There are 2 protein chains.
Amino acid sequence: MNFISRDTDYAIRALVYMAKMAKKKKDIFTVDEIVKEERLPERFLRRILQKLAKKGVLRSYKGKEGGFSLINSPKKITLTDIIKVFQGEVDLTNCFLKGKICPNIRTCALRKKLKGIGRGLDRELRSITIASLL
Amino acid sequence: MNFISRDTDYAIRALVYMAKMAKKKKDIFTVDEIVKEERLPERFLRRILQKLAKKGVLRSYKGKEGGFSLINSPKKITLTDIIKVFQGEVDLTNCFLKGKICPNIRTCALRKKLKGIGRGLDRELRSITIASLL
DNA sequence: ATTAATAATACTATATTGGTATCATTAATA
DNA sequence: TATTAATGATACCAATATAGTATTATTAAT
Ligand code: FES
Ligand code: FES
């Protein structure tokens, strides 16, 4: 099934780490520090954090003494947010049929049902915040 | 996000077709007939139906006048059943961390939450039957 | 024996995922 | 202002998964 991809997973780990440490010490973290603590692949995580920065989850500081910091409170960062960054919208309704736009899209019974379920799922994922994972 | 893979999707189409037609005519269908009606790739669908047969969703009849038929009532065939055949268990909790078995697996907060959500999702998918898509 | 169906399995092409490497840019500070 | 230590942007690469095809064997009706 593989619902959560590796970059989402690593992002969560990094964010949880930052949230945990931000309480007791300064709030700017270098990739190296996180990599060392969480034992993640360095270059890969770097790209992940860059993406989070571009999407407004992290703020980045270039140059010496730079790094990444959380922009919002861990209470405000939800799983949906993170998943959206790396895996796109939480939306279960993608119709195939030879790669073309589906003609049934307005009437399709399956689509209708999946849409509802997808919305529910999204709501639940929104209820999981980084803060709730500390 | 891509929740439903193409083989699951094609399987659903084929099963819905069979359920729909089984009402008015004989209940054995050849791959060729389904392919023609639903415009799916022949060899690919053949493999899909074979898999459904092996997993006990369809019965297959070899030889002339053979084909596939539904084993159970369309009311008994759920989305979860079909997804399981092609995409494995509906289970959102797969932990990475360098491909190894995760040591935190018993304590991990994320895992716990995803497990609950996965169960809910599974329940909802179980409520969607082939019959409900007619 | 012929014919029309599925079974099994191997193969191929493309896309996605997971990860690495390189070079540019920025900012602190000695 | 040169050095250094950080991120930014991008291109690249390898492994895996997805989507689909081809081939040959088996089966059963006629
Ligand atoms: S068949 Fe296209 S949306 Fe369902
Ligand atoms: S960190 Fe391994 S199960 Fe969550």
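Here the structure is a predicted model, which means the values were calculated and not measured. Below, chain A is the first sequence line, B the second, and so on; all start at residue 1. Side chains included, hydrogens not; waters and symmetry mates left out as well; all remaining heavy atoms used.
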Contact pattern, 5' to 3', of nucleotides 21-30 of chain D - B, S or - by protein heavy atom under 4.0 Å: BBB--BBBB-
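With no hydrogens or angles considered, no side-chain donor-acceptor pair links B:Thr30 and B:Asp32 at under 3.5 Å. Counting only N and O atoms by type, the side chains of A:Tyr17 and A:Glu33 include a donor and acceptor under 3.5 Å apart.
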Using atom types as modelled, flag every donor-acceptor pair under 3.5 Å from a side chain in residues 80-90 of chain B to any protein atom, sequence neighbours excluded.
| residue | atom | partner | partner atom | Å |
| --- | --- | --- | --- | --- |
| B:Thr80 | OG1 | B:Asp122 | O | 3.3 |
| B:Thr80 | OG1 | B:Arg126 | N | 3.3 |
| B:Asp81 | OD1 | B:Thr78 | OG1 | 3.4 |
| B:Asp81 | OD2 | B:Thr78 | N | 2.9 |
| B:Asp81 | OD2 | B:Thr78 | OG1 | 3.2 |
| B:Gln87 | OE1 | B:Ser5 | N | 3.1 |
| B:Gln87 | OE1 | B:Ser5 | OG | 3.4 |
| B:Gln87 | OE1 | B:Thr8 | OG1 | 2.6 |
| B:Gln87 | NE2 | B:Phe3 | O | 2.8 |

For a quick test of your reading: what N or O donor-acceptor pairs under 3.5 Å do the side chains of residues 49-68 of chain B make, sequence neighbours left out?
| residue | atom | partner | partner atom | Å |
| --- | --- | --- | --- | --- |
| B:Arg59 | NE | B:Tyr61 | OH | 3.1 |

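Contacts with DNA chain D (heavy atom under 4.0 Å) in residues 78-90 of chain B: none are found. Of all the residues in residues 49-58 of chain B, B:Gln50, B:Lys54 reach under 4.0 Å from DNA chain C with at least one non-hydrogen atom.
Hydrophobic clustering, with ILVMFWY side chains joined whenever heavy atoms are under 4.5 angstrom apart, keeps A:Ile28 apart from A:Ile71.
Between A:Tyr10 and C:dG18 there is no side-chain polar atom (N or O) within less than 4.0 angstrom of OP1 or OP2. Between A:Thr30 and D:dA5 there is no side-chain N or O to OP1 or OP2 distance below 4.0 Å.
Across the protein-nucleic acid pair, B:Glu33 atom CD and C:dT6 atom C1' stand 15 Å apart, rounded to whole Å. Between A:Asn2 atom CG and D:dT18 atom C1' there is a gap of 13 Å when expressed in whole angstrom units.
Remark on the helix from C:dA1-D:dT30 to C:dA30-D:dT1: inter-end axis angle 0°, axes from five-pair C1' superpositions, rounded to 10°.
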